[in-house]
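Structure first, then comments.
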Amino acid sequence: MMSNDRYQGTFFEYFSDLQDNRQEGKVYHRLTDILFIVVSGVLCGYYEWDDIYTWAKVPANGEWFEKYITLMNGIPSLSTIKRGFSLIQPQEFLTRFIDWMSGTITLPNKDIVSVDGKTSRGSKGNDHKVLHIVSALCHSHGLVVGQTKTDEKSNEITAIPVLLEQLMIKGCIVTMDAMGAQKKILEQIVDKNKADYVVNLKGNQGTLHKEVQNYFVEAEQAGKRAAIEERNSEESTFKVLHTVDQGHGRIEKRTYYYSTDLDWMGDAQGDWAKLTGVSDKRKVAFIADPTKTTTETAYYISSVDNVTDFATAARKHWGIESMHWSLDVTFGDDRNQTRETAAAQNLAVVKRMVFNVLKNETKIQPKTSKPNKRVIAAADVNYRDHLINMAFHQM
């Protein structure tokens, strides 16, 4: 590959001119080159600095780097990689990541965008603080489209509005757990993002959770549920939807009761932006033996106007939990002990970049797990090139 073919693709367009505050005349390695080396190392299965450096300095990998970047002074040292990565401004890096995703994918109408937080336990330092990242996952592509950082899970309430400000999600349905059941957050989703919401309720919302629970209990006692089961008419404001999912020897039956008759709320309905319906979702799960079951009941508020959209959104929220699990299993998120604040935040963005790449690769290894795709990428430069080309040129 000729030198003028280096630094090509959308990745370099968004990240090639990151702010660099190092002393001019003493810079031997561009921040873009350091970033590319780290992204490539994580893509190939390495997430600790020592491992990334050891992998990068293998001569064959040095030759491979020359396809994409210019290493006039060879592979950066371990200390240079760590220091350089900590010099990247986290907010600038995060903003460019979000802009990169927004500029390369289109979210369809009614796409489900799930917002949730995850703590990187390995980042705990002497100050006893850990890095907590709030992410947004779009389900049409299965990709992370944004994230922001907060010091503690309890601070998600202040972090979610910051994340929402950065997202282009008009016409989508935002799902959140009970932490997002805040009047100002839902107002922001409706008025500024021009989106809808489906939000779980728990005891953190004063009497609302109990009031919704009582509404459905009273509806059951009055025989309203039984009547709906028999006659689920289009005109009814109280709807029901049943779903069955089966896999890995486990069967899950869900029943979604959704009511858009909120007169019982009185003036309180107006306190919640575009509040349109409330739901009682019941899940019954069993493995092999139907007599041995587990039952869960959850309550929600929502701005969608039909049970089908509600059920789809509520069901798909689990996808962001699956992403968190993948970050732990595939990327060692809880084991990584990067404690320097900027480096830890930047590495969290890189992991979500690579998550997107591996998730999006369905052409050559469509049935291969993410961990095994990374094994293949480390050993097979052709597959690695395919991932880099897909990520940097097509995403």
Side-chain angles (χ1 to χ4, degrees), residues 110 112-117 153-165 169-228 232-241 255-283 296-315 317:
K110 294 188 178 182
I112 311 303
V113 177
S114 297
V115 174
D116 196 21
K153 182 173 177 59
S154 60
N155 291 338
E156 279 188 27
I157 293 174
T158 57
I160 291 173
V162 175
L163 175 60
L164 291 172
E165 285 180 2
I169 52 174
K170 182 178 179 180
C172 296
I173 302 174
V174 179
T175 67
M176 296 180 289
D177 64 16
M179 193 69 75
Q182 307 292 327
K183 295 174 184 177
K184 289 185 178 180
I185 291 177
L186 301 188
E187 182 179 353
Q188 181 177 353
I189 291 172
V190 171
D191 294 342
K192 296 183 179 180
N193 293 109
K194 305 300 181 184
D196 282 301
Y197 60 84
V198 168
V199 182
N200 185 221
L201 287 177
K202 289 185 180 177
N204 65 323
Q205 272 308 323
T207 62
L208 182 60
H209 175 263
K210 190 64 177 178
E211 289 171 352
V212 172
Q213 183 182 31
N214 289 341
Y215 169 79
F216 284 103
V217 169
E218 292 171 4
E220 185 170 20
Q221 292 172 345
K224 195 171 184 179
R225 288 190 182 188
I228 291 299
N232 196 16
S233 67
E234 289 296 326
E235 292 77 19
S236 174
T237 58
F238 196 120
K239 297 291 185 64
V240 63
L241 180 68
T255 301
Y256 301 88
Y257 295 101
Y258 193 66
S259 175
T260 55
D261 178 11
L262 303 181
D263 290 344
W264 55 273
M265 292 187 69
D267 294 339
Q269 180 182 356
D271 294 338
W272 300 87
K274 199 185 173 183
L275 177 56
T276 304
V278 294
S279 175
D280 173 342
K281 183 192 76 174
R282 300 189 174 189
K283 182 177 76 172
E296 299 175 7
T297 302
Y299 299 97
Y300 296 81
I301 55 174
S302 174
S303 65
V304 302
D305 61 5
N306 64 88
V307 68
T308 301
D309 286 345
F310 168 79
T312 300
R315 176 71 182 93
H317 184 73

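Just so you know, these numbers come straight off a predicted model, no measurement behind them.
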Next on the checklist: I'd like to know whether the aromatic ring centres of Phe216 and Tyr257 sit less than 6.0 Å apart in this structure.
Outcome noted: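 No.
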
Checklist entry - Taking it one step at a time, do Ile301 and Leu208 satisfy side chain to side chain contact (heavy atoms under 4.5 Å, CB included)? => result CA-CA 9 Å; Ile301 55 174; Leu208 182 60; 4.2 Å; yes

Taking all atoms of both residues into account, what is the closest heavy-atom pair of [X] and [Y], and its distance?
X: Thr175; Y: Ala313; value: CG2-O, 3.5 Å
X: Tyr300; Y: Lys281; value: OH-NZ, 3.2 Å
X: Ala298; Y: Asn200; value: CB-ND2, 3.9 Å
X: Ala273; Y: Tyr197; value: O-OH, 2.6 Å
X: Gly277; Y: Leu275; value: O-CD1, 3.6 Å
X: Gln213; Y: Tyr299; value: CG-OH, 3.4 Å

What I'd like to find out is whether the side chain of [X] reaches to under 4.5 Å of the side chain of [Y], using heavy atoms alone.
X: Asp271; Y: Lys183; value: yes
X: Asp280; Y: Arg282; value: yes
X: Met265; Y: Tyr215; value: no
X: Val198; Y: His317; value: no
X: Ile169; Y: Leu164; value: yes

Next on the checklist: If we count only N and O atoms by modelled type, under 3.5 Å, do the side chains of Thr260 and Thr276 hold a donor and an acceptor together?
Outcome noted: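 No, because no side-chain N or O of Thr260 sits under 3.5 Å from a partner of the opposite role on Thr276.
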
Quick one: [atom1] on [X] to [atom2] on [Y], what's the gap to the nearest 0.5 Å?
X: Met179; Y: Lys202; atom1: CE; atom2: NZ; result: 9.0 Å
X: Met176; Y: Ser114; atom1: CE; atom2: OG; result: 10.0 Å
X: Glu156; Y: Asp177; atom1: CD; atom2: CG; result: 6.0 Å
X: Ile173; Y: Lys110; atom1: CD1; atom2: NZ; result: 6.5 Å
X: Ile185; Y: Thr158; atom1: CD1; atom2: OG1; result: 8.5 Å
X: Asp196; Y: Ile112; atom1: CG; atom2: CD1; result: 9.5 Å

Next on the checklist: Using the rule given for side chain to side chain contact (heavy atoms under 4.5 Å, CB included), can you reason through Val240 versus Thr255, listing the C-alpha separation, both sets of side-chain angles and the distance that settles it, and then say yes or no?
Outcome noted: CA-CA 7 Å; Val240 63; Thr255 301; 3.7 Å; yes

Checklist entry - Hey, what's the ring geometry for Phe310 with Tyr258, parallel, tilted or perpendicular (30° and 60° as the breaks)? => result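 Plane angle under 30°, so parallel.
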
Item to check | Ser302 side chain to Val278 backbone, donor-acceptor under 3.5 Å | outcome: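 Side chain of Ser302 to backbone of Val278: no pair is present.
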
